[in-house]
Amino acid sequence: MALITANGLRMHFGGPLLLDGVNVKVEPGARIGLIGRNGTGKSTLLKLLAGRLEPTDGSVARQSGARVAYQAQELLFEPGRTVFQEMQRAFEAETARERELRNLEQALATEQDEQTRGRLLREYEALQAEQEQAGVYDVDRRIESVLSSLGLPESAWHQPMDGFSGGERNVIGLARALLGDPDVLLLDEPTNHLDMEGVEWFIDFVRKSKAAILMVSHNRHLLDAVGKEIWELRGARVTPWTGNYSDFQRQKAEALARQERQYKAQQRLIARIEFQARRLRDMANAYDDPAQAKRAKSMLKRIERMDKVERPDDKDRTFGASMSGGNRHGRIALSVKDFSFAYGERVLFDKACLEIEFGDRVCLVGSNGSGKSTLFHEILEHGGWDNHTLRLGKSVKVGDYSQLRENLDPAETLEDWAVRTTRLPPKQAVLLLHRFLFTREDLPRPIGSLSGGEKSRLQLARLVHEKVNFLMLDEPTNHLDIQACEQLEEMLQDFEGTLFVISHDRYFLDKLVDRVVEVKDRQLVDHPMRFAPWWRQKVDSGEFGRHTALRDRHTEAEGKQDARKAFEDRRTRQRELNRLRNRYRDLEARITELEDRIRDMEQRLEGAYAPGHDPAQAEALLGDLQSGRTELQKLYEDWETVAAALED
């Protein structure tokens, strides 16, 4: 039985429909990734399933007694509450039972009546059993384990929530959701602010969890690692796809190609039927034959009754811009020599050194709080040709992308920002915004009203305009949807300058970088290799201490058995598909050949009825023509049956 069922969901906030007739189910053990363009309603659907919003129309039913935990992108909390106190909210039921146990203990200590004492003791024992089953005596250790695994240092556990950034609060909200031991986890971008070790721990957690999990995520590595189903939200509808993200990409490409073939085949069939109908109408008019006119009308009605195949919509809106155009700089892009930095007594770097040359594609990695963004900030603030510690090449033109988007004024409109930042005439500045998918209706919006993804697109627009030759990108994919991530990757692959990037997006790094620099022991450790082999090396060496990668042999055996069964199923389907394709091609050839024969007989029949010709020959030709048309009609029907089977 489904844990959550949504029927006919429609949702809007006074404008266009975000959701229109959505029917979905979250089954026990589900591992679902919800994907789609920013602004299409993914977070809204999650809130509806969590009961945080009421739909405009339709219904959401939750299984009786099912515990649902929801993690939003922005955590709501009471001012002054510490991180640990926030975590303890996940155990409110257990805390209430603990208070009741203390009350029962006091009552037992003072109660004199034996019958009443017996009843109180039975209540106490039952409540104590519930408490032990819930693991309440292990609460503090569970909280500490999850916070550590997600990368939040112990020094932060008893600090007030007010002092944390939005990204840190996102991690805290995720920790609270995971601690509740729910039946269903509804997660909105759970790994957006986790470092790589945190992401790997989360993947391990999801694999072992008994809860059904539905998560909005743009992390393609995560969706590949744990996804069993992908829900694609597009055009206010949800399309479910079986498998992980890579399976979804393959299946969708195949479905679009199949739809394109079916659309073209149906259009060819319609053209044939229309041609035959015209021919019958012409003959009916020429020979005053009502039967032929009736058949022509019947053929046209057949077109009307067809289930029309829509032309596939596979054209996503893309950025109309390129990162190319910056002039080449000299050999040295950046030289870091004996760089030291500390916050009070906390030392981040101690005489660290690094050199980046023109054309290098380098990623800077390290745990959260290790100093990656601090190094970027110091380079941007103080780097220059005359700074011997943080030296930038003399002809280097730096373009930076800040994950915190500190250079955006929330009160400024998009149009004013574009004109001020680019110093272009208003028309050209607006054209730049259009190239990054902003519409005319967006121009008067204040920047403070934009989503994270929209603010990210603004930064990309600025970088394209500046024509830089050294890009420093701090978490560029954090707020972009998957399509925008892929477009950014294409832009950066064409970029001819130097790339220095901080990112936890493994898909992004696998595609773009050829060198890894690790912040480790207050130094910058250079690894002249691509990201994937470096990561494998780190995992194999056992350096990661926050998660384990133990394999369940039983699960592994089941996986092999499932793989064998899937292989046999695919082979059976492929044999049937090949048979249908051969039948389809054979019917196409026979239809074409018979259509040519019928056209030839029609031309000969016109001459056979002319004066001086043998009427018996004309009658024989007419009989052959009618037989040919009957056979053609049967071939059309067979062709439609095979086409439908291919579609299935």
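Worth knowing before you read on, the calculation uses all heavy atoms, side chains too, and leaves out hydrogens, waters and symmetry mates.
From R515, atom CZ reaches atom CD1 of I356 across 6.0 Å, with rounding to the nearest 0.5 Å. Note: Y507 OH to E486 CD = 8.5 Å, rounded to the nearest 0.5 Å. With values rounded to the nearest 0.5 angstrom, E378 atom CD is found 12.0 Å from S373 atom OG. Between L414 atom CG and I447 atom CD1 the span is 5.5 Å, to the nearest 0.5 Å. Distance check: Q85 CD to H158 NE2 gives 9.5 Å after rounding to the nearest 0.5 Å. Atom OG of residue S217 and atom CD1 of residue I32 lie 13.5 Å apart, to the nearest 0.5 angstrom.
With hydrogens and angles disregarded, no donor-acceptor distance shorter than 3.5 Å links the side chain of S148 to the backbone of S145. With hydrogens and angles ignored, the 3.5 Å screen pairs a side-chain donor or acceptor of R530 with a backbone N or O of D510. Between the D224 side chain and the Y245 main chain, a donor and an acceptor come within less than 3.5 Å of each other. Between the side chain of N244 and the main chain of S246, a donor-acceptor pair closer than 3.5 Å is present. Distance alone, capped at 3.5 Å, places no donor-acceptor pair between the S335 side chain and the E355 backbone. Of the possible polar contacts, one joining the D481 side chain to the N38 backbone as a donor-acceptor pair under 3.5 Å is found. Distance alone, capped at 3.5 Å, is enough to place a donor-acceptor pair between the Q71 side chain and the D188 backbone. Within the 3.5 Å criterion, the main-chain N or O of M472 finds no donor-acceptor partner in the side chain of D400. Side-chain N or O atoms of Q493 include none that pairs as donor or acceptor with a backbone N or O of L512 at under 3.5 Å. Here the side chain of S395 pairs a donor or acceptor atom with the backbone of G330 at under 3.5 angstrom.
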| task | Run the numbers on I172 and M87 for side chain to side chain contact (heavy atoms under 4.5 Å, CB included), then give the verdict. | result | CA-CA 8 Å; I172 293 166; M87 295 303 99; 3.3 Å; yes
| CA sep, side-chain torsions, deciding dist, call: F202, M215, side chain to side chain contact (heavy atoms under 4.5 Å, CB included) | CA-CA 12 Å; F202 179 72; M215 56 186 163; 4.2 Å; yes
| message | I'd like to know whether V464 forms a side chain to side chain contact (heavy atoms under 4.5 Å, CB included) with M491, so could you lay out the CA-CA distance, the side-chain angles of the two residues, the decisive distance to 0.1 Å, and finally the verdict. | response | CA-CA 10 Å; V464 165; M491 292 168 67; 3.7 Å; yes
| What's the verdict on side chain to side chain contact (heavy atoms under 4.5 Å, CB included) for R391 and W385, showing C-alpha distance, side-chain angles and the deciding distance? | CA-CA 5 Å; R391 169 168 281 178; W385 175 249; 4.1 Å; yes
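Note: W201 and F205 have parallel aromatic rings, judged against thresholds of 30 and 60 degrees for the angle between ring planes. Ring geometry for W157 against F84 counts as tilted: the plane angle lies between 30° and 60°, on a 0 to 90° scale.
Checked for salt-bridge contact, R536 and D540 meet the test: a charged N lies under 4.0 Å from a carboxylate O. Taking the charged nitrogens against the carboxylate oxygens, D474 and K372 have no contact shorter than 4.0 Å, which rules out a salt bridge. At a threshold of 4.0 Å, the pair R361-D514 does not count as salt-bridged, since none of the basic side-chain nitrogens sits closer than that to a carboxylate oxygen. For the pair R506 and E200, the salt-bridge criterion is met [side-chain N within less than 4.0 Å of a carboxylate O]. For D247 and R250, the salt-bridge test passes: some basic side-chain N is under 4.0 Å from an acidic carboxylate O.
Put simply, the side chain of H434 reaches to within 4.5 Å of the side chain of R440, judged on heavy atoms. Using a 4.5 Å heavy-atom cutoff, the side chains of K511 and C485 are not in contact. Contact of the H388 side chain with the K337 side chain is not registered, since no non-hydrogen atoms from C-beta on lie closer than 4.5 Å. With a 4.5 Å cut-off on side-chain heavy atoms, D505 and L509 do not count as touching. In this structure, the side chains of L45 and V238 come closer than 4.5 Å at one or more pairs of heavy atoms. Side-chain contact between F339 and L375 is present, with at least one heavy-atom pair separated by less than 4.5 Å. Counting only heavy atoms from C-beta outward, the side chains of L524 and L364 approach each other to under 4.5 Å. L222 is listed as a side-chain neighbour of I203, based on a closest heavy-atom distance under 4.5 Å.
Summarising the geometry of L186 relative to L49, their closest heavy-atom pair is CD1-C, 3.8 Å, with the distance given to 0.1 Å. Across all their heavy atoms, L53 and M11 have their closest contact at CD1-CE, 4.4 Å. Minimum heavy-atom separation, A429 to L424: N-CB, 4.0 Å. Annotation for S370 and F349: closest pair O-CZ, 4.3 Å, computed over non-hydrogen atoms. Of all heavy-atom pairs spanning S503 and T477, the tightest one is OG-OG1, 4.3 Å. Residue V68 comes nearest to P182 through the heavy atom pair C-CB, 4.5 Å, listed as atom of the first residue, atom of the second, then distance.
R522 CZ: 12 or fewer foreign heavy atoms inside a 6.0 Å radius.
For the residue pair T439/E441, the side-chain donor-acceptor check at 3.5 Å is satisfied.
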